[in-house]
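Read through the structure below, which is laid out as structure tokens, and then see the notes.
Not measured: the values here are computed from a predicted model. All residue numbers in this chain count up from 1 along the given sequence.
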Amino acid sequence: MEKIVIIGGVAAGATAAAKVRRLSADAQITILEAGADISFANCGLPYYIGGDIKSRSKLILQSPESFNDQYQTAVHIHTTATAIDRENKVVYTADSRTGEKKQFEYTKLILAQGGKPIAPPLPGADQAHVFQLWTLSDMDKINRYITDQKPKTAVVVGGGFIGLEMTEALVKRGMKVSVVEMMPHVMGIMEAEIAGFIQEELTSYGVDLYTSKAVSEIGGNNVKMKDGTTVDADMVLLSIGVRPTLKLAQEAGLAMGEAGGILVDSTLKTSDDAIFAAGDMIELEHRVLGKKVRIPLAGPANRQGRIAAENAMGKNHPYKGSIGTSIVRVFEAVAGITGISLKAARAEGIDADAIVIHKENHTSYYPGAELVAVQVVYDKATGVVLGGQTAGYDGADRRLDVLATAVAAKLTVSDLTDMDFAYSPPLGNANDAINMAAYVAENRISGFSPALTIPELDAYLEGKEALWIDVRDVFSFEKSHVEGAVNIPLEMLPSTLHQLPKNQLIFVYDATGKKGHQALRTLVGAGFTSVINVSGGFISLSNYRRAIEPKNFVLNLPAPEAKTLGEKEDAAKETVAKETVKKEIAAGPIVIDVRTEDEFAYGAYPGAVNIPLDELEDRVSELEDKDQKIVLYCATGARSAYGLQILKAYGYKNVENGGGLARMMASYRRSAS
């Protein structure tokens with residue numbers, strides 16, 4: 001009969017015990033847990049503090065009693081393993097409450113002790129208003145402090161996953177929150193433009209960000225930084241990382257790896273044939289890099305616990321490693337990463353490139369469409385997908401899972417171009433964001449559309465002069481643009497080519513990168529020799545700028561629009577009484593903008609009246625004089641062409657299609673000058 005002793009519960013340990021029981025009805029299973037809880041949802045702790053999870057009991061997945069009832073497993077909590085006698089296969093323990101010492105024999109031992117939050121040796125870190133979050137007990141202390149002391153200000157030290165989740169939770173509890181992060185931006189494992197999307201969301205909700213800064217001291221009601229900055233803090237949360245729990249394994253003489261974890265083989269066996277290990281304390285193979293790393297995530301830990309149990313019971317189930325897929329939601333914004341970044345790929349000597357696109361999560365004409373950012377990192381020679389990142393308000397998780405599958409399966413960008421994705425107007429696009437990202441990657445690989453991501457662009461500009469062409473509409477340009485850029489809306493570009501220098505380095509950008517590609521092809525087709533599209537367009541430029549100050553270009557941005565808790569992205573807007581055309585009739589032509597109210601509100605031709613195309617037939621009575629000259633326009637000229645047909649059908653003869661907004665504004669400027 002196998003005697004399986006598992007040191008540690010929660011993710012890897014509890015999963016391992018359950019798997020052993022499913023494999024064997026008569027194995028003797030013992031779990032030794034140093035803490036008070038055998039199996040709880042540690043990833044859910046911030047959401048209980050923030051009020052999203054109302055019931056504390058739902059975080060308790062198993063008690064020692066329920067686990068024993070279900071899996072016939074002896075569970076010993078508050079029991080610290082103090083030593084392992086590998087020769088005699090005995091684990092020695094001590095009860096942390098009573099000091100009672102016990103010993104447990106094993107035929108196979110599974111180590112699943114996980115890790116512990118790093119406790120920085122900061123002056124003042126031992127005060128009662130300073131916390132870390134790792135266990136249910138930690139959560140209870142934080143919740144009790146907030147309830148009893150009613151803090152008004154808080155500082156979160158560390159802008160990683162738990163730090164940002166707790167930032168949201170503390171804002172929801174009514175506090176003014178500041179985040180201090182040593183890296184140049186929060187979510188340091190992500191690209192700056194993806195992190196910038198998260199930073200804009202944080203700032204929108206009133207969170208103050210202190211990046212590239214380090215804490216030097218925690219005071220009674222403030223936090224001091226090394227550069228002298230002081231921030232008010234009635235409470236402080238330290239969230240700067242996790243260190244694996246290795247003391248027991250090291251003292252037992254088990255081999256350690258170069259990445260700082262227990263060295264295991266593909267079966268998760270340690271240097272001792274009778275001892276297996278799983279979870280945050282081991283180092284594993286990165287499936288892209290092919291080298292040992294530590295990836296302390298709940299998903300891999302659960303799978304490792306299952307595999308370690310199988311192999312401890314005599315199976316031969318190799319663990320293939322991990323690609324580090326992870327995701328975070330902060331308020332309404334979501335961002336995630338899988339595989340490796342472009343920077344990491346190049347640091348490993350891989351000849352890699354990347355592209356970024358922004359596309360609606362479902363068809364733009366169905367209400368509620370939101371842009372989702374997709375970055376794909378790929379091997380230039382083979383096209384194999386090495387990694388990717390996504391961000392957005394809706395749909396980022398779905399696209400990240402696709403990229404994770406592509407990385408794990410070593411698919412190429414060409415494989416993704418032909419991938420069929422679920423499509424229905426409320427749920428997706430006929431060409432999904434992943435398809436579009438793959439098309440753009442193919443265009444960069446082939447040289448059909450040279451492009452640079454924003455970090456590449458910033459580095460590439462070092463010592464160079466370039467002409468920036470912004471092909472967005474004039475109103476978008478006026479709100480914000482790269483300093484020195486010239487505004488030539490895309491539809492006006494062909495008529496202005498003769499004014500541009502053919503041999504100068506030119507960067508073109510639109511909002512998302514799509515029209516920038518069209519502009520590039522127009523310029524290249526006209527003989528321009530050095531044209532580069534800004535991958536991801538102005539959205540990527542602005543997200544990057546939110547995270548990092550560029551070195552070689554200047555982009556000044558307005559402050560993010562303030563948001564309040566409970567606000568919905570699709571909240572109904574205040575009804576505004578529709579203006580009529582009658583009051584606008586004058587000696588000149590009536591100019592009618594047939595775009596939607598939202599489009600019209602963003603910027604319109606001076607003096608134009610907004611009658612959306614869908615309302616035109618119902619409002620023709622407002623145009624009393626059928627001989628009055630009427631000019632219709634929209635974004636491109638397509639909808640206004642339909643509007644022209646409608647008015648002619650009602651007997652209006654002096655009607656003209658003015659085309660797109662850019663053409664109308666160009667005409668207005670000429671007449672004004």
Side-chain angles (χ1 to χ4, degrees), residues 4-20 30-35 37-40 42-43 76-77 79-84 86 91-93 96 104 106 108-119 132-135 138 160-162 240-286 291-312 318-322 324 326:
I4 307 296
V5 174
I6 301 168
I7 303 178
V10 194
T15 300
K19 184 61 178 178
V20 169
T30 303
I31 295 180
L32 309 175
E33 169 56 50
D37 305 292
I38 178 61
S39 181
F40 65 96
N42 51 351
C43 294
H76 301 267
I77 58 174
T79 301
T80 301
T82 57
I84 301 171
R86 291 168 52 192
V91 175
Y92 294 93
T93 69
S96 59
F104 298 86
Y106 66 85
K108 296 292 189 320
L109 177 64
I110 299 175
L111 301 178
Q113 292 175 277
K116 292 183 179 179
I118 296 172
Q132 291 181 304
L133 180 63
W134 196 245
T135 66
D138 294 335
F161 290 96
I162 294 176
I240 61 174
V242 177
R243 182 176 288 120
T245 304
L246 299 176
K247 183 173 183 290
L248 181 69
Q250 289 171 330
E251 291 179 347
L254 296 178
M256 297 292 127
E258 294 181 0
I262 297 176
L263 185 65
V264 295
D265 65 12
S266 63
T267 67
L268 301 182
K269 185 169 62 179
T270 69
S271 54
D272 185 315
D273 287 344
I275 302 177
F276 295 77
D280 293 357
M281 62 192 306
I282 72 168
E283 59 179 46
L284 49 90
E285 183 170 300
H286 195 289
K291 69 177 187 179
K292 296 292 186 177
V293 295
R294 286 189 57 250
I295 300 179
L297 294 170
N302 273 279
R303 288 184 286 280
Q304 292 158 21
R306 177 187 178 92
I307 291 171
E310 289 185 55
N311 295 329
Y319 179 62
K320 296 179 180 179
S322 175
S326 51

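With sequence neighbours left out, the salt bridge (charged side-chain N to carboxylate O under 4.0 Å, His left out) criterion links Asp272 to Arg86. In this structure Phe104 satisfies the ring pair (Phe, Tyr, Trp, His ring centres under 6.0 Å) test together with His76, sequence neighbours excluded. A search for side chain to side chain contact (heavy atoms under 4.5 Å, CB included) contacts involving Ala34 returns Thr80, not counting sequence neighbours. Legend: residues meeting side chain to side chain contact (heavy atoms under 4.5 Å, CB included) with Thr267, ordered by chain and number and at least two apart, are Asp265, Lys269, Phe276, Asn311, Asn316. Glu251 pairs by the side chain to side chain contact (heavy atoms under 4.5 Å, CB included) definition with Lys247, not counting sequence neighbours. Contacts of Glu33 classified as side chain to side chain donor-acceptor pair (under 3.5 Å), with partners at least two apart in sequence or in another chain: none. Annotation: side chain to side chain donor-acceptor pair (under 3.5 Å) contacts of Arg294 (sequence neighbours excluded): none. Ala255 pairs by the side chain to side chain contact (heavy atoms under 4.5 Å, CB included) definition with Leu263, Ser271, not counting sequence neighbours. Asp37 pairs by the side chain to side chain donor-acceptor pair (under 3.5 Å) definition with nothing, not counting sequence neighbours. Not a single salt bridge (charged side-chain N to carboxylate O under 4.0 Å, His left out) links Lys116 to another residue, sequence neighbours left out. In this view, Ser96 satisfies the side chain to side chain donor-acceptor pair (under 3.5 Å) rule with no residue, not counting sequence neighbours.
Screening Ile4, Ile84, Ile7 against Tyr106 for a side-chain contact (heavy atoms from CB on, under 4.5 Å) leaves a single residue, Ile84. Of the residues Asp280, Ile6, Leu248, the one that meets the side-chain contact (heavy atoms from CB on, under 4.5 Å) test with Gln113 is Leu248.
Taking 4.5 Å as the limit, some side-chain heavy atom of Leu284 sits within range of a side-chain heavy atom of Gln304. Taking the side chain as every heavy atom from C-beta outward, Ile262 and Met256 approach each other to under 4.5 Å. Counting only heavy atoms from C-beta outward, the side chains of Val5 and Ile110 never approach each other to under 4.5 Å. Residues Val91 and Thr30 are not in side-chain contact: their nearest non-hydrogen atoms beyond the backbone lie 4.5 Å or more apart.
Across Ser322 and Gly324, no two heavy atoms sit closer than the pair OG-N, 3.1 Å. Closest approach of Ser326 to Phe161, counting heavy atoms only: OG-CZ, 3.3 Å.
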Identify every side-chain donor-acceptor pair in residues 10-17 under 3.5 Å, counting partners at least two apart or on other chains, and give the distances.
from  : atom 1 : to     : atom 2 : distance (Å)
Thr15 : OG1    : Ala11  : O      : 2.7
Thr15 : OG1    : Asn302 : OD1    : 2.9

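With hydrogens and angles ignored, the 3.5 Å screen pairs no side-chain donor or acceptor of Thr79 with any backbone N or O of Leu32.
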Exercise for review: Dump the intermediate steps for side chain to side chain contact (heavy atoms under 4.5 Å, CB included) on Val242 and Ile162, then the final yes or no.
Suggested key: CA-CA 11 Å; Val242 177; Ile162 294 176; 5.6 Å; no

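Of the inter-residue distances, the one linking Glu283 atom CD with Lys292 atom NZ reads 6.5 Å to the nearest 0.5 angstrom. Here CD1 of Ile307 is found 6.0 Å from CG of Leu268. Values are rounded to the nearest 0.5 Å. Note that CG of Leu109 is 5.0 Å distant from CD1 of Ile275, once rounded to the nearest 0.5 Å. To the nearest 0.5 Å, atom OG1 of residue Thr245 and atom CE of residue Met281 are 6.5 Å apart.
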